[in-house]
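To keep things clear, I will list the structure first and then write my remarks on it.
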Amino acid sequence: MSRLLSSMDEFELISRYFASCGAKRADSAIGVGDDGAVLQVRDGYDLVVTTDTMVVGTHFFPDDDSRALGHKLVTVNVSDLAAMGAEPAWLSLALTLPAVDEPWVAAFAAGLHETAEYYNCQLIGGDTTRGPLSLTMIAKGIVPRGKALTRSGAKVGDYIYVTGTLGDAALGLKLCQGLHEVSKKHQTHILQRFHYPSARVALGQALRNIASSAMDLSDGLYSDIQHIMKRSAVGASIDVARLPLSQAVKDSCDSAMAIQLALSGGEDYELLFTVPEARRGSLDVLLSPYGIGVSCIGRITGAAGKLELKQGEQPFTYQHNGFKHFA
């Protein structure tokens with residue numbers, strides 16, 4: 001943070017920067033400024049709630065652009081809603097700051113506001129405290145009754161899909177850390193994917209009647225597919241030759257590193273989902289309006305708990321080294 005600190009208290013901070021943040025929704029009867037928010041949840045719909053925390057030194061660097069942090073905090077939460085087929089609606093923010101650095105807060109609030117508005121979310125409350133820099137958001141969305149996508153519906157024979165490309169954000173992190181070089185023509189794309197991810201909201205909602213299970217890719221494909229395997233009591237077979245890679249990753253990495261980034265890099269915030277054989281045709285029709293690449297990378301198997309990796313028809317040996325809290 002800079003040294004331009006302010007003496008304003010938390011109530012002034014909230015009033016100045018967060019009282020009117022995001023889209024103004026007609027179903028928010030009472031938002032920021034009271035003891036709690038009052039929301040007009042629709043009849044025939046379920047409420048979906050998710051929470052994510054970003055801590056300095058673990059999820060972001062101390063000198064990261066705070067506008068990008070505001071964007072990313074909203075997006076990673078909305079991505080969880082997208083993975084469940086929900087329409088994003090409301091956000092709550094718990095903001096812990098070591099001091100009130102007004103330029104930092106102003107940029108953070110701007111990133112928060114523009115991204116919340118983009119996804120048609122309204123900030124409706126939260127908490128502000130003093131302490132080590134930490135950003136926590138609770139996102140709420142709505143989905144038609146009984147239509148939420150979950151991790152527990154995958155069946156043997158289902159096809160495994162991912163959206164977009166994998167490994168770009170992880171390469172962006174390595175670039176920021178000075179651990180890997182990326183040519184100038186690819187740096188903007190790679191850094192954009194790391195600092196300004198996108199949530200696949202529209203596609204998530206469109207998958208409600210097609211996907212048998214779904215989740216977003218935050219910890220890396222290798223780890224995340226095992227959440228679906230565990231909840232659905234199934235196994236999975238993935239062909240690493242089918243992993244979708246951007247031209248930036250292909251040009252910047254050898255094959256082994258590209259596969260490692262795609263499997264274990266994390267922070268892609270793409271959708272991972274399964275589709276039964278009978279619905280694959282519907283998926284092809286569904287995809288045409290969205291302009292989002294989708295890749296079939298494998299199938300669900302009956303070997304519960306077993307993740308099989310192959311490269312074409314050959315077994316693929318891989319040592320996973322993804323990030324885990326408290327490991």
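Not measured: the values here are computed from a predicted model. Just so you know, residue 1 is the first one in the sequence shown, and it goes up from there.
Counting Ile, Leu, Val, Met, Phe, Trp and Tyr side chains that sit under 4.5 Å apart, directly or through other members, F61 shares a hydrophobic cluster with L173, F194.
Cluster membership for Y159 and L307, using ILVMFWY side-chain heavy atoms within less than 4.5 angstrom, is not shared. In the hydrophobic clustering of this structure, V162 does not group with L287; members are Ile, Leu, Val, Met, Phe, Trp, Tyr whose side-chain heavy atoms approach within less than 4.5 Å, directly or through other members. Cluster annotation: I292 and L271 are assigned to the same hydrophobic cluster (Ile/Leu/Val/Met/Phe/Trp/Tyr, side-chain heavy-atom contacts under 4.5 Å, transitive). In the hydrophobic clustering of ILVMFWY residues, with side-chain heavy atoms under 4.5 Å counting as a link, L217 and I225 come out together. Hydrophobic clustering of Ile, Leu, Val, Met, Phe, Trp and Tyr side chains at less than 4.5 Å, counting indirect connections, keeps V275 apart from M229.
A pairwise comparison of heavy atoms in T75 and A199 identifies CG2-N, 3.7 Å as the closest pair. A170 and G265 get closest at one heavy-atom pair: CB-CA, 3.4 Å. Taking all atoms of both residues into account, the shortest heavy-atom contact from A206 to L286 is CB-CD1, 3.1 Å. When all heavy atoms of A211 and L149 are compared, the closest pair comes out as O-CD2, 3.7 Å. D239 approaches G312 most closely through the heavy-atom pair OD1-N, 2.9 Å. The heavy-atom pair separating A139 from L91 by the smallest distance is CB-CD2, 3.8 Å.
For CD of Q177, the number of neighbouring non-hydrogen atoms (other residues, nucleotides, ligands) closer than 6.0 Å is greater than 12. The neighbour count for Y118 OH, taken as heavy atoms of other residues, nucleotides or ligands under 6.0 Å away, does not exceed 12.
Without hydrogens or angle criteria, D46 side chain to G146 main chain gives a donor-acceptor distance under 3.5 Å. For S66 (side chain) and W104 (main-chain N/O), a donor-acceptor pair under 3.5 Å exists by modelled atom type. Judged purely by atom type and a 3.5 angstrom limit, R145 uses its side chain to pair as donor or acceptor with the backbone of Y45. A donor-acceptor contact shorter than 3.5 Å is absent between the side chain of S212 and the backbone of P276. When atom types are taken as modelled, the side chain of H180 and the backbone of G172 share no donor-acceptor pair closer than 3.5 angstrom. Panel note: side chain T150, backbone S152; a donor-acceptor pair is recorded below 3.5 Å. Using a distance-only test at 3.5 Å, with no hydrogens or angles considered, a donor-acceptor pair links the side chain of R279 to the main chain of I210. Proximity of a side-chain donor or acceptor of R130 to a complementary backbone N or O of P98 within less than 3.5 Å is detected. With R193 contributing its side chain and A169 its backbone, the two residues share no donor-acceptor pair below 3.5 Å. In terms of modelled atom types and a separation under 3.5 Å, the side chain of D219 and the main chain of G266 share no donor-acceptor contact.
Atom CE of M257 and atom CG of L171 lie 6.0 Å apart (nearest 0.5 Å). Note that SG of C176 is 3.5 Å distant from NE2 of H195, once rounded to the nearest 0.5 Å. A distance of 8.0 Å separates OG1 in T301 from NZ in K306, rounded to the nearest 0.5 Å. With values rounded to the nearest 0.5 angstrom, L203 atom CG is found 6.5 Å from T163 atom OG1. Distance check, rounded to the nearest 0.5 Å: CD of Q226 to CG of L221 gives 9.5 Å. How far NE2 of H113 is from CD of Q122: 11.0 Å, rounded to the nearest 0.5 Å.
Side-chain atoms of I124 and S92, non-hydrogen and from C-beta on, do get closer than 4.5 Å to each other. Residues L245 and I259 form no side-chain contact, since every pair of their non-hydrogen atoms from C-beta on lies 4.5 Å or further apart. With a 4.5 Å cut-off on side-chain heavy atoms, Y196 and D65 count as touching. At least one side-chain heavy atom of L97 sits under 4.5 Å from a side-chain heavy atom of L133. Contact annotation: the side chain of S232 never approaches that of I300 to less than 4.5 Å [non-hydrogen atoms, C-beta and beyond]. When side chains are defined from C-beta on, K310 counts as touching S237, because their heavy atoms get closer than 4.5 Å. Counting heavy atoms from C-beta on, the side chains of L73 and L93 come closer than 4.5 Å. Using a 4.5 Å heavy-atom threshold, the side chains of Q205 and P88 count as touching.
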Does T274 form a side-chain hydrogen bond (donor to acceptor under 3.5 Å, both in side chains) with K155? I'd like the steps, not just the answer. CA-CA 8 Å; T274 58; K155 300 290 189 296; over 6 Å; no
Check step by step if side-chain contact (heavy atoms from CB on, under 4.5 Å) holds for K174 and L261. CA-CA 10 Å; K174 287 187 178 294; L261 292 175; 3.8 Å; yes
Check the pair M215, R231 against side-chain contact (heavy atoms from CB on, under 4.5 Å), reporting the backbone distance first and the verdict last. CA-CA 11 Å; M215 65 178 297; R231 292 296 301 275; over 6 Å; no
Set out, in order, the CA-CA distance, both residues' side-chain angles and the distance that settles side-chain contact (heavy atoms from CB on, under 4.5 Å) for W90 and C121, then state yes or no. CA-CA 5 Å; W90 307 286; C121 297; over 6 Å; no
Working note: V234 + D158, criterion side-chain contact (heavy atoms from CB on, under 4.5 Å); need CA distance, chi angles, decisive distance, verdict. CA-CA 10 Å; V234 294; D158 287 359; over 6 Å; no
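Residues H186 and D251 bring a donor and an acceptor atom of their side chains to less than 3.5 Å of each other. Between T115 and K72, the side chains place no donor N or O within less than 3.5 Å of an acceptor N or O (distance only, hydrogens not considered).
Take Y161 and apply the ring pair (Phe, Tyr, Trp, His ring centres under 6.0 Å) test, not counting sequence neighbours, and it matches F273.
Tested against T50 for a side-chain contact (heavy atoms from CB on, under 4.5 Å), the candidates L81, I138, V76 yield a single pass: L81. Under the side-chain hydrogen bond (donor to acceptor under 3.5 Å, both in side chains) rule, S79 has a single partner from D268, D216, D52, which is D216. In summary, of the residues considered (T53, N77, D127), a side-chain hydrogen bond (donor to acceptor under 3.5 Å, both in side chains) with T136 occurs for T53 alone.
Within the structure, every pair that satisfies the ring-ring contact (aromatic ring centres under 6.0 Å, His included) test and touches residues 208-253, not counting sequence neighbours, is listed here: Y222-Y318, Y222-H320.
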